[in-house]
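In what follows, every heavy atom counts, from backbone to side chain, and hydrogens, waters and symmetry copies are set aside.
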Amino acid sequence: MTTPQASAAGSFLLGGEVPVSRMGFGAMKLPSRDWGGPACDPEQSLRVLRRAVELGIDHIDTAWFYFFREVSANGLIRRALHPYRDELVIATKVGPGREPDGSWMDPADRDSVRAAVHRNLRELGVDHLDLVYLRRMPSQSSIAEPFAELAELRAQGLIRQLGVSNVDAAQLAEAEALAPVVAVQNKYSVLEHDEADDRLLADCAERGIAFVPFYPLGGTGLPDHPALRRVAERYGVTRAQVMVAWLLALSPVILAIPGTSSPAHLEENTAAAALRLDAADLADLAELTAAAK
């Protein structure tokens, strides 16, 4: 059976100018299954990346701090896909940093943001970055100083477009006062979202800003809720596919980036691009959201 192409999810114009499929790929799990390991097979991770592009995925989300020991997501992406296709958008993140042993550093200042951008450029083997998110650490109330550095690097031509991650409405506004923001990457799933999250998504939809959920499957293991099982059985699909399809059905500005280091899971996730949930399905899945609150 042929796996549907990522294009089945439809497309979105980042910043009103850069087309990407709404079904993308998250690279976090390529080096290891979790921050502390175990390590993934690098050769299999390379096969996953090449297969993702074959399936029409043209939006890969990565970060320089996605690494385990000596293997990094950026390095795998470069080995698998460089020289990159013109239509491929590689989004990366700066903000938090990790020591070689994997421990987290303090929130980024302007100097560390600049260093992280240049590290991404070197690791990916490019002269500019397509999209860079500033990821806010929980201890940061303001993102103005590090985002101002990204805005300056964008003005220098090192970055094409800017995004923010793990932010609220006030921090998004703070960033937009400094430079255009084309994407917001926040934690959001059928399992975990509240009224503030929903308002931020609606605001992004109104203004044409992409909303890119991280942990689209919840991040803590796949739920086994009766409503989720009912919808999955209705279509003969997996619970994970239903969760991805729920995001795509929710808003046309949502870009899905489920990640995996498994070729089989990649095929499964991408196939969710063609799954169309109806009003009855969404009503069923509302039970799941309510049960999680």
Answer yes or no: is there a donor N or O on one side and an acceptor on the other, between the side chain of [X] and the main chain of [Y], under 3.5 Å?
X: T270; Y: E267; answer: no
X: Q140; Y: P107; answer: no
X: N166; Y: R136; answer: yes
X: N269; Y: L266; answer: no
X: S45; Y: L30; answer: yes
X: R160; Y: G157; answer: no
X: D34; Y: G36; answer: no
X: E192; Y: S189; answer: no

Side chains of [X] and [Y], heavy atoms from C-beta outward: is any pair under 4.5 Å?
X: V242; Y: V237; answer: yes
X: E233; Y: R229; answer: yes
X: V244; Y: M23; answer: yes
X: R154; Y: P180; answer: yes
X: L162; Y: L131; answer: no
X: I60; Y: I257; answer: no
X: L201; Y: I254; answer: yes
X: Q5; Y: I57; answer: no

What residue pairs, at least two apart or across chains, pass ring-ring contact (aromatic ring centres under 6.0 Å, His included) with a residue in residues 266-287? none

Pairs in or reaching into residues 104-154: which pass ring-ring contact (aromatic ring centres under 6.0 Å, His included), with residues at least two apart or in two chains? W35-W104, F65-W104

Identify, with sequence neighbours excluded, every residue that meets ring pair (Phe, Tyr, Trp, His ring centres under 6.0 Å) alongside W246. H193

Which residues share a ring pair (Phe, Tyr, Trp, His ring centres under 6.0 Å) with Y84, sequence neighbours left out: H82

Going from [atom1] on [X] to [atom2] on [Y], what distance comes out if it is rounded to the nearest 0.5 angstrom?
X: L200; Y: Q171; atom1: CG; atom2: CD; value: 10.0 Å
X: E149; Y: D111; atom1: CD; atom2: CG; value: 7.5 Å
X: N120; Y: I90; atom1: CG; atom2: CD1; value: 10.0 Å

According to side-chain hydrogen bond (donor to acceptor under 3.5 Å, both in side chains), who are the partners of D203, at least two apart in sequence or on a separate chain? R207

[X]: side-chain contact (heavy atoms from CB on, under 4.5 Å) partners, not counting sequence neighbours:
X: Q156; answer: E152, L153, L158
X: S262; answer: T260, A264, H265
X: D127; answer: none

Single-linkage hydrophobic cluster, 4.5 Å side-chain cutoff, [X] and [Y] together:
X: M137; Y: V94; result: no
X: M28; Y: F68; result: no
X: V190; Y: Y235; result: yes

Please give me the minimum heavy-atom distance between [X] and [Y], naming the atom from each residue.
X: L14; Y: A183; result: CD2-CB, 4.5 Å
X: A175; Y: V181; result: CB-CG2, 3.9 Å
X: L55; Y: P4; result: CD2-O, 4.4 Å
X: L46; Y: L76; result: CD2-O, 3.3 Å
X: L150; Y: V132; result: CD2-CG1, 3.9 Å
X: A108; Y: V113; result: CB-CG2, 3.7 Å

Any pair counted as side-chain hydrogen bond (donor to acceptor under 3.5 Å, both in side chains), so long as it reaches residues 236-245, sequence neighbours left out: T238-Q241, T238-E268

Provide the full list of side-chain hydrogen bond (donor to acceptor under 3.5 Å, both in side chains) pairs with a residue in residues 53-68, sequence neighbours left out, each pair given once. R51-E54, D61-K93, D61-Q185, T62-N74, Y66-K93

Using a strict threshold of under 4.0 Å (side-chain N to carboxylate O), is an ion pair present between E145 and R110? no

Would you sort out whether L129 and V117 count as a side-chain contact (heavy atoms from CB on, under 4.5 Å), showing the intermediate values? CA-CA 8 Å; L129 299 169; V117 166; 4.0 Å; yes

Quick one about E174 and S142 (side-chain donor to acceptor, distance below 3.5 Å, no hydrogens or angles considered), yes or no? yes

Give a yes-or-no answer on whether the side chains of Y188 and D198 include a donor-acceptor pair shorter than 3.5 Å. yes

List for me each residue that meets salt bridge (Lys or Arg N to Asp or Glu O under 4.0 Å) alongside R230, sequence neighbours excluded, and say none if there are none. D284, E287

Using side-chain contact (heavy atoms from CB on, under 4.5 Å), reason through I143 and V164 one step at a time and then give a plain yes or no. CA-CA 9 Å; I143 60 171; V164 288; 4.0 Å; yes

CA sep, side-chain torsions, deciding dist, call: V18, L13, side-chain contact (heavy atoms from CB on, under 4.5 Å): CA-CA 5 Å; V18 180; L13 287 176; over 6 Å; no

Sequence neighbours excluded, every pair satisfying salt bridge (Lys or Arg N to Asp or Glu O under 4.0 Å) that has a member inside residues 72-87: E43-R79

More than 12 heavy atoms of other residues, nucleotides or ligands under 6.0 Å from CD of E206: is that the case? no

Atom CZ of residue position R50 - does it have more than 12 heavy atoms of other residues, nucleotides or ligands inside 6.0 Å? yes

